Amino acid sequence: MASAFDPEKARVPPALQLPKPPVTKASHADPSMTADKERNIAHARKAIEDAAGKGAQLVVLPEIWNSPYSNDSFPVHAEDIDAGGDASPSTAMLSEAAHRLQITIIGGSIPERCGDRLYNTCCVFGKDGKLRAKHRKIHLFDIDIPGKITFMESKTLTAGENPTIVDTGAHLLCYPGAFNMTTGPLHWELLQRARAADNQLYVATCSPARDTSASYTAWGHSTLVGPFGEVLATTEHEETIIIAEIDYSLIELRRTNLPLLKQRRGDLYQLVDVQRLNSVLN
Ligand SMILES: NC(=O)CC(=O)C(=O)O
């Protein structure tokens, strides 16, 4: 019997209409990926240039944008980011584009080779073209829903060890992600709205566009969510560039409206920084 599950119909209701306060213009480029790395780099460069041409000051690329999202492709497309230059043409392009266009780029992620290990790594470049942060995905994506989706990033990738915060304080959580046709309709928007509402900050996600001929079919739907969990901008699953404005002053307003941070019960529960704790104990 055919499944009655229709991913498109399983989505939550459409975006809330909120006033758009002017501040940072952010853009999510949503490119589709092929096995041709040079083509993927040229394609991403063009999307970044188009977004900057439309006024974006911050551009976010999707997860694994220089390679197909597959365990066979990760080793083939991996780059030695620390060595840079010819050893990492993808991040060299991001650095050059950030500097030339005077924008910040959150470079989605690419497979990174470091010694005999591979990581799923996101690089952030500032307007001066300098690397501001390098984040290795900590929670690898392993899923096994027989008949729907089975994918084990842990087959080829190693998990990163550290959270990454760029600048001081987080006002925007950026998730370059490649959810699929099962987790996409169920979790993609739900998780980003939940994290935005929990923490009263902005959440931006950027997915590869959907390619139904690929071995892993991405959900798409790159989105920007505001500090009340409201969807400020989103798209469907085709390749596109979404531009939206981020007014960081809205965070303070929402935290005053609904003072969740002040109501935290540190006497009952706390976040523990295990690395710091260990460094003090040892
Ligand atoms: N690539 C991913 O990390 C996908 C993911 O997390 C999902 O739930 O789908």
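Computation of the quantities below employed the complete heavy-atom set of this structure, encompassing side-chain atoms and omitting hydrogens, waters and symmetry-equivalent molecules. Atoms within a ligand are numbered from 1 in the order they appear, just like the ligands themselves. Given the structure is predicted, the values throughout are model-derived calculations rather than measurements.
- Inspection of the Tyr119 and Glu161 side chains reveals no N or O donor paired with an N or O acceptor under 3.5 Å.
- Ring orientation note: the planes of Tyr216 and Phe141 are nearly perpendicular, at an angle over 60° on the 30°/60° scale.
- Trp188 places no side-chain N or O within donor-acceptor distance of the main-chain N or O of Phe179, the cut-off being under 3.5 Å.
- From the protein, the heavy atom lying nearest to atom 3 (O) of ligand 1 is Lys137 NZ, 2.8 Å.
- Atom 9 (O) of ligand 1 has its closest protein heavy atom at Thr183 OG1, 2.4 Å.
- Ring geometry for Phe151 against Tyr69 counts as parallel: the plane angle stays under 30°, on a 0 to 90° scale with 60° as the upper cut.
- Judged purely by atom type and a 3.5 angstrom limit, His99 has no side-chain atom pairing as donor or acceptor with the backbone of Lys127.
- The atoms of ligand 1 that sit less than 4.0 Å from any heavy atom of Asn180 are 9 (O).
- At a 4.0 Å heavy-atom cut-off, ligand 1 touches Phe141 through the side chain alone.
- Ligand 1 has at least one atom lying under 4.0 Å from a heavy atom of Tyr69.
- Annotation: the span from Glu236 atom CD to Thr234 atom OG1 amounts to 7.0 Å, rounded to 0.5 Å.
- Contact analysis puts Glu63 in contact with ligand 1, with a non-hydrogen atom separation below 4.0 angstrom.
- At least one heavy atom of Tyr216 sits less than 4.0 Å from an atom of ligand 1.
- Taking only nitrogen or oxygen atoms, main chain and side chain alike, Ala178 reaches within less than 3.5 Å of ligand 1.
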